[in-house]
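Letters A, B, ... mirror the listed sequences (proteins, then strands); counts begin at 1. Below, all heavy atoms of this structure are taken into account, side chains as well, without hydrogens, waters or symmetry copies.
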Amino acid sequence: MAPGKAPILTPRVDDFPRWYQDVLNKAELADNGPVRGTMVIRPYAYALWERMVAEVDARIKAAGAENAYFPLFIPESYFQREAEHVEGFSPELAVVTVGGGKELEEPVVVRPTSETVIGEYMAKWVQSYRDLPLLLNQWANVVRWELRPRVFLRTSEFLWQEGHTAHATEEDARDYAEHILRTVYRDFMVEVLAIPVLVGAKIAQERFAGATNTLTCEAMMGDGKALQMGTSHELGQNFARAFDVTFLDEHGEQRTCWTTSWGVSTRMMGGLIMAHGDDDGLRVPPRLAATQVVVLVVRDDDGSVTDAAQRLVDDLAHGGVRARLDARVETGFGRRATEWELKGVPLRVELGPRDLAEGQAVVARRDDGTKSPVSVGDLVGRLPGLLDDVQRSLLAEATSRRDGATVLVDSVAAAAEAAAEGFAVVPWRLLDDAAIDELGRSAVTVRCLQTPDGDLPGDTPADELIAVCARSY
RNA sequence: CGGGCUGUGGCGCAGUUUGGUUAGCGCGCUUGACUGGGGGUCAAGAGGUCGGGAGUUCGAAUCUCCCCAGCCCGACCA
């Protein structure tokens, strides 16, 4: 940005939430919906979401689950069947009481999550141990009425994927919940989103309503606060009992299933923005980017530059690069460059008459802002490698920022202080209920429990675990 | 639910205290010219039930009353 010019976005250090809002607007990502707490996802953001869906969906399928679709409307009575589930969700339910102009005999809940309906059908479909495991997933919208909405992070309606599985044994269910967390969620977040995430278990107070164990992927945002990016739950036999999901085992014994559920949502869009965004806007990691390279025609007097740029885009596309042409020469160069930076396109190729005469183009990296000339003939060969560099550098930057803002402490007071700026890691045995209350007074919560080497707790004794504490979204 | 604040072109705001001709400004938008390697310059335009209703007044964005919406803080929360 030219010195002396007013910044396009509120600088992050001045007001991070304001910056976030500015990015949503200026990068044309989303608008608020007409009903409080709802959002409109604009095309550029939706294209990113579609990329997330494609990547996550492929991993879910690789984990053996199949897609299905269950209804948006759920009989209210279903929610009554699992005590903790009702208690947890009733404050945020949207309930339909009128249909077709008539008062409904039984009110209908707009799904906040689908354990209950899916449980009902699992009970029908699972009869024998041969039907297990039953591995289902659905892509859907859900509604949870929110009092403090924030676009992408907490909205009353959001898009997500919810997996629901039934297993013959507790061990099998536990393994699968862990498998999803590691090979679907963590892998996607680290490898595609370039966001380093901590895997861990939620403490009892933070568990999903009705779960026996909740596993989580926690990321650190640019302001040091934590964001829960995805969760995978062991539901024990709570829902299986409530919905009578049972089977005959190989010995002819009637047994109750063990179920899991797991989800990631459009909240990841918020995570993407806040983990990688800088004062110039969004920075999209290349593996996620719907547009990896924008070829920008700087100026064109006779059409020759645009022709060359179009050929380049075609060649890149043939080489498997998601490239896009910007030949809007009637719009100033600076404006267009700024626009693509706001949108975080990883690489920008600038092509003008001057370049064309010299047989080169200028390649600008969004991650570090550097520009370098590359001969036109080399572009198709070199850009894929550059995209890999950008991908790596975004992950490296996010990782070192997180590690730099993570402090090991050995007292509750020190944890509260450290968590004001980032993550505080404290021995779990130091945190009794009173300590958790004390942290809460500084808006600090236990984000997850881990083994000392940063893995899921598994069977590790509780007094050997560490607690990651932070403020959170 | 309690306390505080705000509603004025698409967005952000001034004007309200002390009522007074035609309601301004920045950004954005449209058209044109010159431009063009970082939101370029100049010119000409479009766009308004001043949140809604009632009242006071010769006259209301401005004063009074009622209502609505949103924001912040508290309380409550996967």
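Rounded to whole Å, the distance from CG on D301(A) to C1' on U35(B) is 11 Å. Put simply, CZ on R328(A) is 17 Å from P on G38(B), counting in whole angstrom units. Between the CD atom of E28(A) and the C1' atom of C29(B) there is a distance of 14 Å, rounded to whole Å. Note: CZ (R365(A)) to P (G38(B)) measures 21 Å, nearest angstrom. Straight-line distance from the CG atom of D15(A) to the C1' atom of C71(B): 14 Å, rounded to whole Å. Computed from coordinates, the L93(A) CG to A78(B) P distance equals 11 Å when rounded to whole Å. Atoms CG (L356(A)) and C1' (G37(B)) sit 14 Å apart, rounded to a whole Å. Here the C1' atom of nucleotide G38(B) and the NZ atom of K26(A) are 15 Å apart, to the nearest Å.
With F73(A) as the aromatic partner, R111(A) does not meet the cation-pi criteria of under 6.0 angstrom to the ring centre and within 45 degrees of the ring axis.
For the C1' atoms, the distance linking A60(B) with G19(B) amounts to 6 Å, nearest Å. Separating the P atom of G48(B) from that of G10(B) is a span of 8 Å, rounded to the nearest Å. Straight-line distance between the C1' atoms of C65(B) and C1(B): roughly 25 Å, to the nearest whole Å. With both ends at atom P, the span from G9(B) to A14(B) equals 13 Å, rounded to whole Å. Going from the C1' atom of G45(B) to that of G3(B) covers 48 Å, rounded to whole Å. Atom name C1', nucleotides U6(B) and G52(B): the rounded distance is 16 Å, in whole Å. Rounded to a whole angstrom, the distance from the C1' atom of A54(B) to that of G2(B) is 29 Å. Nucleotides G28(B) and C42(B) are separated by 13 Å at their P atoms, to the nearest Å.
Using a 4.0 Å heavy-atom criterion, one finds that R154(A) contacts no nucleic acid atom at all. L296(A) comes within 4.0 angstrom of no nucleic acid atom, judged by non-hydrogen atoms across all strands. Residue contacts for E330(A): at a heavy-atom cut-off of 4.0 Å it reaches a base atom on one of the strands shown. G88(A) comes within 4.0 angstrom of the backbone, heavy atoms only, and of no base.
The list of side chain to side chain donor-acceptor pair (under 3.5 Å) pairs with a residue in residues 85-98 of chain A, not counting sequence neighbours, is empty. Under the side chain to side chain donor-acceptor pair (under 3.5 Å) criterion, the residue pairs touching residues 295-307 of chain A are D300(A)-T306(A), D302(A)-S304(A), with sequence neighbours excluded.
Under the 3.5 Å distance criterion, with hydrogens and angles disregarded, no donor-acceptor pair is assigned to the side chains of T451(A) and T460(A). For the residue pair D57(A) and W139(A), a side-chain donor N or O sits within less than 3.5 Å of a side-chain acceptor on the partner. With no hydrogens or angles considered, no side-chain donor-acceptor pair links E146(A) and S156(A) at under 3.5 Å. Side-chain N/O atoms of S261(A) and E115(A) include a donor and acceptor closer than 3.5 Å. Judged purely by distance below 3.5 Å, without hydrogens or angles, the side chains of Y69(A) and N137(A) never pair a donor atom with an acceptor atom. With hydrogens and angles left out, the side-chain atoms of N238(A) and E84(A) include no donor and acceptor closer than 3.5 Å.
Distance alone, capped at 3.5 Å, places no donor-acceptor pair between the T216(A) side chain and the G200(A) backbone. Side-chain atoms of K202(A) come within 3.5 Å of backbone atoms of R447(A) as a donor-acceptor pair (strictly under, hydrogens ignored). With hydrogens and angles ignored, the 3.5 Å screen pairs no side-chain donor or acceptor of R186(A) with any backbone N or O of I180(A).
Heavy-atom distances under 4.0 Å link RNA chain B to K371(A) of residues 368-375 of chain A, given in residue order. Using a 4.0 Å cutoff on non-hydrogen atoms, the parts of residues 195-208 of chain A near RNA chain B are E206(A), R207(A), ordered by number. Of the residues in residues 213-227 of chain A, none has a non-hydrogen atom less than 4.0 angstrom from any atom of RNA chain B.
Out of C29(B), G38(B), G37(B), the shortest distance to the side chain of R335(A) is found at C29(B). For P91(A), taking side-chain heavy atoms from C-beta onward, the closest of the listed nucleotides G38(B), A78(B), G39(B) is A78(B).
Not a single donor-acceptor pair, N or O on each side, falls under 3.5 Å between the base of A78(B) and the side chain of E92(A). The base of G37(B) has none of its N or O atoms less than 3.5 Å from a complementary donor or acceptor on the side chain of R336(A).
The heavy-atom pair separating H276(A) from R283(A) by the smallest distance is O-NE, 2.7 Å.
Surrounding CG of D437(A) are more than 12 heavy atoms belonging to other residues, nucleotides or ligands, all under 6.0 Å away. Other residues, nucleotides and ligands contribute over 12 non-hydrogen atoms within 6.0 Å of the CD atom of E178(A).
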Revision key, fill the gap. Output field dot_bracket for RNA chain B (Watson-Crick or G-U, both distances under 3.5 Å, | for other-strand pairs) contains ((((((((.[[[[.)....(...]]]].((((((.....)))))).....[[[[[..)....]]]]])))))))....
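OP1 or OP2 of A78(B) has not a single side-chain nitrogen or oxygen of R267(A) nearer than 4.0 Å.
Taking the six-membered ring where the residue is Trp, W160(A) and F158(A) present perpendicular rings, their angle passing 60° and hence far from 30°.
When each of R18(A) and E341(A) is assigned the nucleotide of RNA chain B bearing its nearest heavy atom, the one mapping closer to the 5' terminus is R18(A).
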